[in-house]
Amino acid sequence: MTAELHSRRTVLTTGATVAGAAVGAVALTACGTDSGPKAGTAQAPIAAGTPLVALADVPVGQAKAAKAPDGSDVIVARTSESAAAAFSAVCTHQGCTVAPKGADLVCPCHGSVFNALTGEVKQGPANKPLPSVPVKVENGKVVTG
């Protein structure tokens with residue numbers, strides 16, 4: 001009986017230790033600071049020649065939100081009468097989606113502000129620019145490049 005009791009005690013103690021370690025691992029995972037995709041991670045390339053927006057729909061010096069064919073959010077900015085630039089709409093701080101507001105791109109989560117024409121940080125907490133998305137203007141449309 002002593003051997004049987006000892007075996008049960010060992011199994012119960014070992015099981016409690018393993019369960020405790022699993023709970024601790026889950027708790028540590030939940031304590032991460034990122035609430036979205038890793039900032040600065042590269043997204044998959046978008047097929048070249050895919051239309052994003054009509055150039056006429058974007059005022060010169062401003063930007064417009066668009067969806068890429070893969071479903072990712074992008075920002076298309078009109079840098080001049082005949083040229084455009086595009087950026088990932090994923091904030092480099094913690095992965096929220098930025099929104100155009102005049103000549104700025106504003107993150108609704110923590111207040112980062114980016115230059116709509118360059119993607120550069122104007123106000124933190126973000127400290128990295130928005131990744132650019134290659135685009136060109138063809139037949140009055142902004143298309144992936």
Side-chain angles (χ1 to χ4, degrees), residues 6-145:
H6 181 56
S7 296
R8 285 186 192 164
R9 187 171 298 160
T10 302
V11 169
L12 290 174
T13 304
T14 303
T17 303
V18 171
V23 169
V26 170
L28 286 175
T29 301
C31 289
T33 58
D34 287 342
S35 61
K38 294 282 184 203
T41 56
Q43 43 185 96
I46 300 168
T50 304
L52 296 174
V53 297
L55 186 63
D57 290 345
V58 184
V60 175
Q62 295 187 22
K64 181 175 180 148
K67 283 275 188 199
D70 66 357
S72 62
D73 293 309
V74 295
I75 300 293
V76 177
R78 190 164 178 187
T79 57
S80 72
E81 281 295 324
S82 59
F87 309 95
S88 166
V90 178
C91 180
T92 56
H93 175 237
Q94 286 193 344
C96 296
T97 302
V98 299
K101 186 173 183 184
D104 294 330
L105 304 173
V106 180
C107 180
C109 295
H110 300 104
S112 292
V113 179
F114 300 86
N115 180 307
L117 303 181
T118 66
E120 293 295 319
V121 177
K122 291 175 75 173
Q123 172 184 316
N127 60 13
K128 293 180 184 174
L130 297 172
S132 64
V133 173
V135 293
K136 57 188 172 184
V137 177
E138 287 183 351
N139 300 322
K141 295 191 182 293
V142 179
V143 300
T144 54

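One-based numbering along the sequence shown. Hydrogens, waters and symmetry mates are skipped; everything else that's a heavy atom, side chains included, is used.
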**Prompt:** Could you give all pairs that pass the disulfide bond (SG atoms under 2.5 Å apart) test and reach residues 102-143, with sequence neighbours left out?
**Reply:** Cys96-Cys109

**Message:** How close do Val137 and Ala84 get, counting heavy atoms only, and between which atoms?
**Reply:** CG2-N, 4.1 Å

**Asked** Taking all non-hydrogen atoms of both residues, which atom of Lys128 and which atom of Thr92 are closest, and how far apart?
**Response** O-OG1, 2.5 Å

**Request:** With the side chain counted from C-beta on, respond yes when Asn115 and Pro129 share a heavy-atom pair under 4.5 Å apart, and no when they do not.
**Result:** no

**Prompt:** Are the side chains of Pro100 and Ile75 in touch, meaning some heavy atoms are under 4.5 Å apart?
**Reply:** yes

**Prompt:** Can you find a heavy atom in the side chain of Val98 that is under 4.5 Å from one in the side chain of Leu130?
**Reply:** yes

**Message:** Between Val58 and Val53, is the side-chain contact (heavy atoms from CB on, under 4.5 Å) condition met? List the steps.
**Reply:** CA-CA 8 Å; Val58 184; Val53 297; 3.8 Å; yes

**Asked** Which heavy atom of Ala77 sits nearest a heavy atom of Phe87, and at what distance?
**Response** CB-CE1, 4.5 Å

**Fill in**
Exactly one of Val143, Thr144, Asp70 clears side-chain contact (heavy atoms from CB on, under 4.5 Å) with Thr50, and that residue is Thr144

**Asked** To the nearest 0.5 Å, how far apart are NZ in Lys141 and CG in Asp57?
**Response** 8.0 Å

**Prompt:** Does any non-hydrogen side-chain atom of Asp73 lie less than 4.5 Å from one of Lys67?
**Reply:** yes

**Request:** Mind checking the OG1-CD spacing from Thr79 to Gln62? Nearest 0.5 Å is all I need.
**Result:** 13.0 Å

Extract all donor-acceptor atom pairs below 3.5 Å that involve side chains of residues 116-126 and protein atoms in other chains or at least two apart in sequence.
from: Thr118; atom 1: OG1; to: Glu120; atom 2: N; distance (Å): 3.2
from: Lys122; atom 1: NZ; to: Asp104; atom 2: OD1; distance (Å): 2.5
from: Gln123; atom 1: NE2; to: Gly111; atom 2: O; distance (Å): 3.2

